[in-house]
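I have placed the structure first, in the form of structure tokens, so that the comments after it can refer back to it.
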Amino acid sequence: MTGLVLKLGPKERVLVNGAVIENGDRRGRLNILTPNANILRLRDAIHPEDANTPVRRVCYVLQLILSGDAEFEEAKHQALRGIEQLSQVLVDDDSKTLLNTATERLNQESVYPALKALRGLLPREDRLLATHLT
């Protein structure tokens, strides 16, 4: 069987094409067979008030696409601008790789893989901000 397999914990919620789905009392498994379905685990979601750093803001824009709260082309343009700005600051090889992956995936209209690549930058951003704020 091909497609995405979601393994969900008890009462875990996931957003699938704009609909919130909650698992039952036991661990469960969903097979998503539709290609390019918009899926977001709500435990991984960045809440609006937490979109307060450059990487989190771009991630939040991508989440809006996945939730159906933003039109793809407009949000894509905004996210690509944010990625370009991040590429001016995050110049190490690992960051460049993640930013390039996010750009490629977004240009392929693969929003979740783009979001996943950008989420890889969150620990680095946290460390950089902690260093500069102390």
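Side-chain atoms are counted along with the backbone in the values below, which use heavy atoms only and exclude waters and symmetry mates. For the single chain, residues carry numbers from 1 onward in sequence order.
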Requested in this report: Indicate the atoms forming the closest heavy-atom contact of Ser95 with Leu90, along with that distance.
Outcome: CB-CB, 3.6 Å

**Report entry** Test item: Tyr112 and Leu66 side chains (from C-beta on) under 4.5 Å apart, heavy atoms
**Finding:** yes

Requested in this report: Check step by step if side chain to side chain contact (heavy atoms under 4.5 Å, CB included) holds for Phe72 and Val111.
Outcome: CA-CA 9 Å; Phe72 177 78; Val111 180; 3.7 Å; yes

Query raised in the report: So do Asn100 and Leu98 actually touch side chain to side chain, heavy atoms under 4.5 Å?
Result: no

Query raised in the report: Just wondering, are more than 12 heavy atoms of other shown residues or ligands nearer than 6.0 Å to CD in Glu22?
Result: yes

Query raised in the report: In Å, rounded to the nearest 0.5 Å, how long is the span from CG of Leu80 to CD of Gln85?
Result: 11.5 Å

Query raised in the report: Any chain of hydrophobic side-chain contacts (each under 4.5 Å) joining Val61 to Ile83?
Result: no

Query - Criterion side chain to side chain contact (heavy atoms under 4.5 Å, CB included) on Leu128 and Glu125, from CA distance to verdict - result: CA-CA 5 Å; Leu128 288 170; Glu125 180 185 53; 5.7 Å; no

Query raised in the report: Should Val14 and Leu40 count as side-chain neighbours, where that means a heavy-atom distance under 4.5 Å?
Result: no

Query - Flag side-chain contact, heavy atom, 4.5 Å: Leu115 against Gln63 - result: yes

Report summary line: CD1 (Ile65) and CD (Glu73) are apart, to the nearest 0.5 Å, by 9.0 Å

**Report entry** Lys116/Asp44 ion pair, N-O < 4.0 Å
**Finding:** no

Query raised in the report: For Cys59 and Ile46, which heavy atoms make the closest approach, and how far apart are they?
Result: CB-CD1, 3.6 Å

Query - Minimum heavy-atom distance between Ala117 and Ala102, given as atom pair plus value - result: CB-N, 3.9 Å

Report task. Provide the full list of salt bridge (charged side-chain N to carboxylate O under 4.0 Å, His left out) pairs with a residue in residues 93-112, sequence neighbours left out, each pair given once. Result -> Asp94-Arg124

Report task. Decide yes or no for Arg81 and Val58: does some side-chain heavy atom of the first lie under 4.5 Å from some side-chain heavy atom of the second? Result -> no

Query raised in the report: Same cluster for Leu121 and Tyr60 if Ile/Leu/Val/Met/Phe/Trp/Tyr side chains link at under 4.5 Å?
Result: no

Report task. Mark yes or no for whether Ser110, through its side chain, and Leu106, through its backbone, hold a donor-acceptor pair below 3.5 Å. Result -> no

Requested in this report: Give the intermediate values and the outcome of side chain to side chain contact (heavy atoms under 4.5 Å, CB included) for residues Thr101 and Leu118.
Outcome: CA-CA 9 Å; Thr101 298; Leu118 287 174; over 6 Å; no

Report task. Let me see the working for Ile39 and Asn17 under side chain to side chain contact (heavy atoms under 4.5 Å, CB included), right down to the final yes or no. Result -> CA-CA 6 Å; Ile39 298 170; Asn17 288 343; 5.8 Å; no

Requested in this report: Report the distance from atom CZ of Arg13 to atom CG of Asn23, rounding to the nearest 0.5 Å.
Outcome: 11.5 Å

Query - Any Arg56 side-chain heavy atom under 4.5 Å of Asp126 side chain - result: yes

Query - Reported CZ-to-CG distance for the pair Arg57 and Leu62, which is rounded to 0.5 angstrom - result: 14.0 Å

Report summary line: One should read off an interatomic distance between Glu71 CD and Leu64 CG, to the nearest 0.5 angstrom, of 12.5 Å

Query raised in the report: To the nearest 0.5 Å, what is the distance between CD1 (Ile32) and CG (Asn38)?
Result: 11.5 Å

Requested in this report: Determine whether Leu15 and Leu42 make a side-chain contact, defined as any pair of heavy atoms from C-beta on separated by less than 4.5 Å.
Outcome: yes

Requested in this report: Mark yes when over 12 heavy atoms from residues, nucleotides or ligands other than Asp25 sit less than 6.0 Å from its CG; otherwise mark no.
Outcome: no

Query raised in the report: Are there more than 12 heavy atoms of other residues, nucleotides or ligands under 6.0 Å from atom CZ of Arg41?
Result: yes

Query raised in the report: So, do Arg29 and Leu6 sit near enough that their side-chain heavy atoms are less than 4.5 Å apart?
Result: no

